[in-house]
Amino acid sequence: MTDPYTPQIIEPKWQQQWEATKLYRQIIDRNKPKHYALTMLPYPSGDLHIGHWYAMTPSDARARFMRMKGYNVLFPMGFDAFGLPAENAAIARNIHPSKWTFANIERMRQQLRSMGAMFDWEREAVSADPEYYRWTQWFFKKLMELGLAYRKLAAVDFCPRCNTTLAREQVWGEDRHCERCGTPVIKKELEQWFFKTTDYAEELLDFSQINWPERVKVMQTNWIGRSEGAEVIFLTEQGDEIPIFTTRPDTLWGATFMVLAPEHPLVEKVTTPEQKEAVEAYHAAAQKLTDIDREAADREKTGVFTGGYAINPVNGERIPIWVADYVLMGYGFGAIMAVPAHDERDFAFATRFDLPIAEVIRMPGRAESDGPLAKAYTSKSEGQLVNSGPFTGTPTEGAAARVTDWLAETGKGKKAVNYRLRDWLISRQRYWGAPIPVVYCPEHGAVAVPDDQLPILLPEDVAFMPTGESPLKQHELFQQTTCPVCGRDARRETDTMDTFMCSSWYQYRYLSPHYDQGPFDPEEGAYWLPVDQYTGGIEHATMHLIYTRFFTKAMREMGLVHFSEPMLALFNQGMVLGEDGEKMSKSRGNVVAPDNLVEKYGADTVRTYLMFFARWEQGGPWNYDGIKGPQRLIQDVWQLALADYQPGMMDAAATRNLRRKTHQTIRKVTQDLEGFAFNTAVAAIMEQRNAIQEALKQRQVMVEAWREAVDSLLLLLAPIAPHITEELWARRGGRYSIHQQPWPVWDEETAKEEAITVVVQVNGKVRDRFEMAADTGEEGIKAAALASEKVQAWFEGKSPRKVIVVKGQLVNIVV
RNA sequence: GCCGAAGUGGCGGAACAGGCAGACGCGCACGACUCAAAAUCGUGUUCCCUCGGGAGUGUGGGUUCGAUUCCCACCUUCGGCACCA
């Protein structure tokens with residue numbers, strides 16, 4: 001009798017052993033191909049939840065698999081340790097954010113160890129550590145030097161609950177809420193720091209160097225929002241230029257008015273004295289509106305006439321200039337030509353304010369005599385141009401390009417490209433983040449702090465306001481400083497940086513978390529970079545995953561790296577939901593606690609279940625009954641690996657069958673782990689388990705085949721369930737460690753089926769099936785199918801008209 | 001409104017270069033072991049059926065010898081974007 005399986009004993013035992021022998025120390029080895037596997041780093045919220053397990057243990061299994069396949073694998077872990085929850089805890093419970101954060105990190109390190117992952121803890125990086133954020137600040141300065149960081153006054157998104165500004169990417173949904181807390185944002189006019197992500201808009205659209213999910217690429221492409229069109233310059237009657245962007249230059253002749261955003265710099269100049277009061281009142285009212293009100297598409301259009309006029313450059317017509325908030329200052333030039341006949345928004349506006357509608361694209365089947373348009377005609381391919389000067393009669397298809405060429409020739413405009421992407425706003429009015437390394441001198445303005453003064457440390461002696469206002473704003477000593485240029489009194493910037501800035505470059509810091517000559521040791525970088533396989537949730541598609549791409553491109557300009565993409569391949573896992581199929585949350589009471597599960601079943605069973613219960617990219621609801629399958633598997637593996645196998649009546653066919661199954665399983669599991677199909681990999685291992693159980697019962701296979709089957713079962717399971725396989729490997733006399741063994745290889749010949757089941761269909765319906773030798777030729781299969789009595793019974797006296805033979809599988813007889 | 005993903009047994013899910021639908025697992029049913037239960041083992045498990053078969057992968061069409069897989073239309077669910085000129 002074997003001793004029972006007790007994960008509570010063997011798991012901690014091996015975790016200690018692995019640590020003591022530095023089994024997972026990952027160092028440069030130029031004799032092996034490298035593989036940098038990375039999983040998104042957690043925020044130290046206090047407890048490791050099942051979602052962390054779901055993200056990390058399959059990534060770990062994949063990294064372990066690559067290691068056994070012969071790669072030198074780097075698989076690091078760290079903490080994205082700056083951020084609001086720490087500060088909110090400070091406010092609510094009077095604990096310093098630093099204390100709270102580092103205590104949580106300590107706790108989570110222990111919990112992470114219970115997963116049995118192959119993290120190299122000597123490479124751990126913590127973004128709230130001064131030796132980390134020193135380099136976050138250094139990067140800010142570098143971006144300033146490159147002209148990629150700038151400060152400007154702008155109406156920006158502000159979360160009233162978090163009490164801070166947000167980047168455009170961090171405002172979500174129809175109601176434009178804060179990505180963190182769900183509160184709808186408001187607009188505030190503030191001086192803020194931005195990174196010029198828009199400089200890289202075009203390059204960010206190029207995914208040719210990376211193997212990323214289509215979904216993420218589509219989301220980023222939409223987010224960047226490239227549109228092609230033309231830039232056209234309109235002149236006011238006073239002669240001021242108003243450039244506009246349009247995607248429909250072919251409708252220029254239909255521009256019957258212009259609209260400026262309320263914040264447009266020319267508004268004041270074009271407004272006539274009679275209209276001044278109305279325009280100013282409108283601007284003031286627009287500023288008070290929240291974005292939700294202002295940007296709601298179904299809201300009735302509002303606006304006021306400025307009293308001023310512009311000249312349409314293509315036909316010389318005098319057209320009124322209006323101000324309306326449906327034109328946004330942040331896109332294009334903050335001014336548009338309005339073509340009501342061919343744009344739904346302009347049509348709605350013109351109808352509301354009784355402005356002229358000039359039809360310049362004639363819909364097929366429509367005649368001049370049909371009267372005014374009932375709605376805007378917006379087709380870009382059907383119809384032809386009318387009342388359009390030299391272009392009258394041109395088909396709509398291709399007209400935009402022709403008009404653009406003509407605009408360029410005649411100097412009225414030119415081809416232009418516009419992006420929806422905005423620059424990244426990185427200033428945060430909160431304490432627990434990396435301070436922006438800038439001082440403000442009355443003489444020299446915003447000046448970067450010299451490198452030798454980095455890091456700008458967060459002061460420890462701070463009092464937190466219940467409002468969430470940053471204590472740095474009240475901290476006289478922190479703010480008092482001198483100008484690095486002239487030495488006179490200056491004030492320190494009190495805003496800190498967006499934590500997405502910290503996580504934009506963490507994959508580089510992992511290489512050498514204590515290196516003090518730069519953000520990372522170039523020698524480590526030359527070997528390990530870039531990241532080969534990244535895994536994480538889809539929720540970062542347009543935030544972190546855009547920022548880190550931008551960062552790497554900027555690092556290329558800094559000469560720090562020679563490549564342009566941080567992560568060559570990406571895989572998005574899904575989410576584990578509560579048993580009720582809803583997102584887990586404390587308020588719903590559907591949270592699954594991994595610590596309890598590990599206590600009850602052991603980490604190996606939890607890992608196996610997480611990989612088995614659903615397709616990884618899909619995720620799904622947790623099910624406490626479902627875990628029994630993997631639990632039985634783990635227990636059966638224990639029994640089988642320790643079983644005393646004594647063959648009885650030997651049978652060559654039984655031996656061949658087991659060996660075939662073994663090699664087929666190796667092939668299947670290898671291919672599945674390659675492709676992140678953990679669920680079917682586990683299913684294949686279960687099938688192998690079933691075959692071995694059967695062999696044990698029958699006692700007909702040779703000892704060598706038995707051993708091969710059990711050994712490969714352990715090896716295939718090792719990445720998924722690292723502890724039990726290590727224990728059993730050792731008990732069976734294997735060399736330490738199983739995780740350093742080469743991945744098993746299959747023999748195609750042994751894996752080959754000896755017999756095939758031939759399915760015979762008559763008119764597409766299955767009527768018979770029988771076994772044949774796998775090497776039977778097409779003719780032989782056909783003859784056997786036609787000879788079948790069961791099949792012939794369906795001919796109903798008719799003779800076969802056509803016989804289709806699919807080799808090794810099926811015969812379809814048409815009568 | 002626009003863009004994208006997905007609809008398969010009681011449940012989670014397999015199988016798509018067009019070829020046996022339902023691998024693997026959960027659950028359930030019956031049986032064995034047990035005083036009994038749990039655990040374990042065995043058998044069965046898409047539905048209907050007159051035991052010959054018939055129907056079946058969201059719905060309706062189409063292509064094909066053959067469709068879960070390809071094409072068209074629609075329905076439902078879930079994501080993303082949305083006054084972006």
Side-chain angles (χ1 to χ4, degrees), chain A residues 172-174 176 213-223 225-227 229 244-248 251 255 258-259 261 294-299 301 324-328 330-339 342-346 348-349 418-422 538-539 541-542 608-609 612-615 617-633 635-636 639 668 677 679-690 693 697 756-769 793 800-815:
Chain A
W172 284 17
E174 204 171 345
R176 302 190 36 75
E214 211 51 42
R215 196 159 151 225
V216 175
K217 293 194 278 185
V218 166
M219 280 169 79
Q220 293 202 348
T221 303
N222 291 343
W223 188 257
R226 183 182 200 274
S227 53
I244 59 103
F245 173 74
T246 177
T247 54
R248 294 298 303 273
T251 65
M258 291 192 80
V259 185
R294 180 165 169 176
E295 292 184 12
D298 51 1
R299 177 173 148 252
K301 298 265 178 296
D325 62 9
Y326 80 91
V327 175
L328 311 171
Y331 184 80
F333 295 98
I336 61 158
M337 67 167 189
V339 184
H342 307 295
D343 181 281
E344 281 167 22
R345 297 151 301 180
D346 297 343
F349 193 83
N418 241 287
Y419 303 91
R420 219 181 59 100
L421 185 73
R422 307 291 157 88
I538 188 78
E539 66 275 15
T542 56
T608 308
Y609 177 59
F612 176 68
F613 86 96
R615 214 190 285 175
E617 64 267 36
Q618 202 174 279
W622 176 268
N623 183 294
Y624 283 99
D625 283 326
I627 200 171
K628 285 181 186 167
Q631 186 187 14
R632 285 178 189 139
L633 172 68
Q635 255 148 8
D636 291 344
Q639 296 296 333
K668 174 75 176 150
N679 57 335
T680 47
V682 175
I685 290 170
M686 285 172 168
E687 286 190 52
Q688 168 79 341
R689 176 263 321 257
N690 294 345
Q693 275 180 334
K697 213 184 291 171
I756 50 164
T757 306
V758 177
V759 173
V760 188
Q761 299 178 331
V762 178
N763 290 336
K765 285 195 198 300
V766 178
R767 297 304 182 190
D768 193 17
R769 58 186 65 187
R801 209 178 57 195
K802 194 172 175 188
V803 181
I804 292 119
V805 180
V806 181
K807 203 163 167 281
Q809 290 183 45
L810 167 143
V811 180
N812 190 14
I813 302 164
V814 189
V815 296

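Numbers restart at 1 for each chain; the letters A, B, ... are given by sequence-line order, proteins then strands. When reading the values below, keep in mind they use all heavy atoms of this one structure, side chains included, and skip hydrogens, waters and symmetry mates.
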**Q** Apply salt bridge (charged side-chain N to carboxylate O under 4.0 Å, His left out) to Glu687(A) and list each qualifying residue two or more places apart in sequence or on a separate chain.
**A** Lys661(A)
**Q** If I take atom CD in residue Glu539(A) and atom C1' in nucleotide C78(B), what distance separates them, rounded to the nearest angstrom?
**A** 15 Å
**Q** Considering only the P atoms, how many Å lie between A29(B) and C20(B), rounded to the nearest integer?
**A** 33 Å
**Q** Which residue, Gln220(A), Glu214(A), Met219(A), forms the side-chain contact (heavy atoms from CB on, under 4.5 Å) with Val216(A)?
**A** Gln220(A)
**Q** Does NZ or CZ of Lys301(A) lie under 6.0 Å from the centre of the six-membered ring of Phe349(A), at an angle within 45° of the ring axis?
**A** no
**Q** What is the separation between atom CG on Asp325(A) and atom P on C83(B), rounded to the nearest whole Å?
**A**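 From Asp325(A) CG to C83(B) P: 11 Å.
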**Q** Return the minimal non-hydrogen interatomic distance between Arg769(A) and Val766(A), and the atom names on each side.
**A** NH2-CG1, 3.5 Å
**Q** In whole Å, what separates the C1' atom of G54(B) from that of C2(B)?
**A**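 Straight-line distance between the two C1' atoms is 45 Å.
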**Q** Grab the CD-C1' distance between Glu617(A) and G12(B) for me, whole Å please.
**A**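 It works out to 15 Å between those atoms.
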**Q** Output the distance between atom NZ (Lys765(A)) and atom CG (Asn812(A)), rounded to the nearest 0.5 Å.
**A**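 Those atoms lie 11.0 Å apart.
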**Q** Take atom CD of Gln631(A) and atom C1' of U40(B), then tell me their distance rounded to the nearest Å.
**A**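 Checked: the CD to C1' distance equals 13 Å.
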**Q** Using the purine O4'-C1'-N9-C4 or pyrimidine O4'-C1'-N1-C2 torsion, is G66(B) syn (within 90° of 0) or anti?
**A** anti
**Q** What's touching nucleotides 16-21 of chain B from the protein side, N or O pairs under 3.5 Å?
**A**
from	atom 1	to	atom 2	distance (Å)
G19(B)	O2'	Gln809(A)	OE1	2.3
C20(B)	O2	Arg769(A)	NH1	2.7

**Q** Could you pull out all residues at least two apart from Asp346(A) that satisfy salt bridge (charged side-chain N to carboxylate O under 4.0 Å, His left out)?
**A**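 For Asp346(A), no residue satisfies salt bridge (charged side-chain N to carboxylate O under 4.0 Å, His left out) once neighbours in sequence are set aside.
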**Q** Do nucleotides 1-10 of chain B as a string where each nucleotide becomes B, S or -: B if the base has a protein heavy atom under 4.0 Å, S if just the sugar-phosphate does, - if no protein is that close.
**A** ----------
**Q** With sequence neighbours excluded, what pairs up with Arg767(A) under the salt bridge (charged side-chain N to carboxylate O under 4.0 Å, His left out) test?
**A**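 Arg767(A) satisfies salt bridge (charged side-chain N to carboxylate O under 4.0 Å, His left out) with no residue once adjacent residues are dropped.
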**Q** Would you please enumerate the stems RNA chain B participates in, each stem being three or more consecutive Watson-Crick or G-U wobble pairs with both distances under 3.5 Å?
**A** B:1-7 with B:75-81, B:10-12 with B:24-26, B:27-32 with B:40-45, B:46-48 with B:53-55, B:58-62 with B:70-74
**Q** So what does Lys697(A) hit on the nucleic acid, given a heavy-atom distance under 4.0 Å: a base, only sugar-phosphate, or nothing?
**A**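 Counting heavy atoms under 4.0 Å across all strands, the contact made by Lys697(A) is with sugar-phosphate only.
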**Q** Can you check the Met219(A) CE to A82(B) C1' distance for me, whole Å?
**A**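 To the nearest whole Å, that distance equals 14 Å.
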**Q** By side-chain contact (heavy atoms from CB on, under 4.5 Å), which residues pair with Ala683(A), not counting sequence neighbours?
**A** Phe612(A)
**Q** If you measure from the C1' atom in G56(B) to the same atom in C49(B), how many Å do you get, rounded?
**A** 14 Å
**Q** Suppose we screen for ring-ring contact (aromatic ring centres under 6.0 Å, His included). Which residues come up paired with Phe245(A), at least two apart in sequence or across chains?
**A** none
**Q** What's the closest nucleotide to the Ala614(A) side chain, out of A85(B), C83(B), G13(B)?
**A** G13(B)
**Q** For Thr246(A) and for Trp223(A), locate the closest nucleotide of RNA chain B by heavy-atom distance; then report the residue assigned to the nucleotide nearer the 5' terminus.
**A**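 Nearest-nucleotide comparison on RNA chain B picks Trp223(A).
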**Q** Are the side chain of Tyr609(A) and the backbone of Trp622(A) linked by a donor-acceptor contact shorter than 3.5 Å?
**A**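 No, because the side chain of Tyr609(A) does not come within donor-acceptor range (under 3.5 Å) of the backbone of Trp622(A).
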**Q** Does Lys697(A) have any salt bridge (charged side-chain N to carboxylate O under 4.0 Å, His left out) partners at least two apart in sequence or in another chain, and if so, which?
**A** Glu694(A)
**Q** How close or far is atom C1' of C81(B) from atom CZ of Arg420(A), stated in whole angstroms?
**A** 6 Å
**Q** Rounded to the nearest Å, what distance is computed from the CZ atom of residue Arg226(A) to the C1' atom of nucleotide C81(B)?
**A** 19 Å
**Q** Starting at atom CD1 of Ile685(A), determine the distance to atom C1' of A14(B), rounded to an integer number of angstrom.
**A** 16 Å
**Q** Identify the pairs formed between an N or O of the protein and an N or O of nucleotides 23-34 of chain B at a distance under 3.5 Å, and give each distance.
**A**
from	atom 1	to	atom 2	distance (Å)
A23(B)	O2'	Glu687(A)	OE2	3.0
G25(B)	OP1	Arg689(A)	NH2	2.9
G25(B)	OP1	Asn690(A)	ND2	3.3
C26(B)	OP1	Arg632(A)	NH1	2.2
G27(B)	OP1	Lys628(A)	NZ	3.2

**Q** Between the protein and nucleotides 51-54 of chain B, list the N/O to N/O atom pairs that are separated by less than 3.5 angstrom.
**A**
from	atom 1	to	atom 2	distance (Å)
G54(B)	OP1	Arg767(A)	NH2	3.4
G54(B)	OP2	Arg767(A)	NH1	3.3

**Q** When rounded to the nearest Å, what value does the distance between C1' atoms of G13(B) and C81(B) take?
**A**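 Straight-line distance between the two C1' atoms is 31 Å.
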**Q** Under the side-chain contact (heavy atoms from CB on, under 4.5 Å) rule, collect the residues that match up with Ala614(A), sequence neighbours excluded.
**A**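 Applying side-chain contact (heavy atoms from CB on, under 4.5 Å) to Ala614(A) gives Tyr54(A).
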**Q** Between A5(B) and A85(B), how far is it from one C1' atom to the other, in whole Å?
**A** 30 Å
**Q** Pick the C1' atom in U50(B) and in G60(B), then give their distance to the nearest Å.
**A**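 My reading of the C1' atoms in U50(B) and G60(B) gives 32 Å.
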**Q** Select base, sugar-phosphate, or nothing to describe what Phe245(A) touches, counting heavy atoms under 4.0 Å on all strands.
**A** base
